[in-house]
2 protein chains.
Amino acid sequence: MTEKKSPYCGCLLYTANALSRVITKMAEEEFAVVGVAPSHCFLLMTVHNDPGIQASGIAEKMMLTPSTVTRLVEKMEQQRYVQRITDGKYTLVYPTKKTNDVYPAILESWQNLFRRYAEVLGEEVARQLTAEIYSAALKLEAR
Amino acid sequence: MTEKKSPYCGCLLYTANALSRVITKMAEEEFAVVGVAPSHCFLLMTVHNDPGIQASGIAEKMMLTPSTVTRLVEKMEQQRYVQRITDGKYTLVYPTKKTNDVYPAILESWQNLFRRYAEVLGEEVARQLTAEIYSAALKLEAR
DNA sequence: AAATAATGGTTGTATGTACAACCGAATGTT
DNA sequence: AACATTCGGTTGTACATACAACCATTATTT
């Protein structure tokens with residue numbers, strides 16, 4: 001039998017990156033109906049569920065660096081999905097009506113993404129794998 | 001008990017991306033002694049182990065798109081790590097002495113990366129997780 | 001109160017990656 | 001032989017993300 005495995009398939013760097021790319025692509029397809037990229041959709045969900053959240057809070061919830069959050073918020077502000085209000089040294093982020101309007105579509109796309117990969121991997125396997133990956137990410141981050 | 005879990009930790013998109021970022025950062029640290037970025041090191045390993053490999057072959061082994069391979073090879077050619085030789089419509093990539101010289105250091109850094117995450121996750125867990133992730137990536141890619 | 005440090009955020013620049021459009025070479029069809 | 005198709009690769013452009021340097025604002029120390 002000729003299993004054509006990659007010579008790097010035993011390396012977590014390689015496999016994690018490969019999975020990230022493939023699931024990101026799937027997500028882009030699913031979120032396309034919303035007209036907003038997946039990472040931006042996560043931002044909108046975060047802000048919708050916690051209006052007035054601080055930039056640093058977003059960074060924490062989304063596990064991203066502050067500079068990345070600035071960039072995401074910036075772009076969504078340009079497109080009038082959110083509004084930034086500076087209060088002293090803090091920056092508070094609020095959703096606009098536009099976000100509230102697309103919110104249901106975002107949730108639906110997100111559900112569809114779930115369904116889609118669960119169908120391929122098996123629901124239980126998917127859930128389990130997701131949990132293991134999350135646990136590993138946390139442990140490795142704490143280094 | 002106050003487990004501070006992310007609201008998105010049940011989503012494979014989120015967890016896979018988070019893991020990818022954290023392991024990539026670790027890899028950057030380890031491969032820093034080589035002076036070559038992780039993805040470029042993988043390219044060099046690939047070319048070293050198969051001198052004269054075609055661009056498409058690199059794409060397959062590394063699970064990347066052709067355009068990405070062009071970019072990687074381009075950059076390593078600029079730095080004289082590899083040489084491209086066009087043969088009709090094919091492009092063959094050869095390692096130079098520079099690659100052969102750093103190859104041992106690359107292998108060593110790669111080993112160190114393994115050790116480092118295995119230490120955090122446990123060797124067996126790491127191996128198992130890597131395998132599961134790879135399997136999932138393959139299945140999802142086949143869509 | 002002045003000087004210093006810490007905190008929160010933004011900006012310039014860089015990396016990894018992809019898609020779509022393209023170009024030249026090879027192959028197939030009439 | 002002329003044309004069309006396919007194949008392999010490159011290029012323009014874009015996105016997600018980060019780091020390091022920076023700028024305000026707030027807190028701490030002297």
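Keep in mind that the numbers below use all heavy atoms, side chains included, and drop hydrogens, waters and symmetry copies. So that the names make sense, note that chain A is the first sequence line, chain B the second, and so on, each numbered from 1.
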For Glu108(B), the salt bridge (Lys or Arg N to Asp or Glu O under 4.0 Å) test, sequence neighbours excluded, returns none
At a 4.0 Å cut-off to heavy atoms of chain B, the contacted part of DNA chain D spans dC7(D) to dC19(D)
Across all chains, not counting sequence neighbours, the side chain to side chain donor-acceptor pair (under 3.5 Å) partners of Glu123(A) are Arg127(A)
Sorted by number, residues from residues 32-50 of chain A placing a heavy atom under 4.0 Å from DNA chain C are none
The ring pair (Phe, Tyr, Trp, His ring centres under 6.0 Å) partners of Tyr14(B) (sequence neighbours excluded) come to Tyr8(B)
So the salt bridge (Lys or Arg N to Asp or Glu O under 4.0 Å) pairs with at least one residue in residues 6-22 of chain B (sequence neighbours excluded) are none
For Arg115(B), the salt bridge (Lys or Arg N to Asp or Glu O under 4.0 Å) test, sequence neighbours excluded, returns none
Per the under-4.0 Å heavy-atom filter, residues of residues 61-79 of chain B near DNA chain C come out as Leu64(B), Thr65(B), Ser67(B), Thr68(B), Arg71(B), Lys75(B)
Ordered by number, residues from residues 80-96 of chain A within less than 4.0 Å of DNA chain C (heavy atoms) are Arg84(A), Lys89(A), Tyr90(A), Thr91(A)
Taken in chain and number order and not counting sequence neighbours, the residues that satisfy ring pair (Phe, Tyr, Trp, His ring centres under 6.0 Å) with His48(B) are Tyr103(B)
With sequence neighbours left out, the residues meeting salt bridge (Lys or Arg N to Asp or Glu O under 4.0 Å) with Arg84(B) are Glu77(B)
For Gln54(B), the side chain to side chain donor-acceptor pair (under 3.5 Å) test, sequence neighbours excluded, returns Ser56(B)
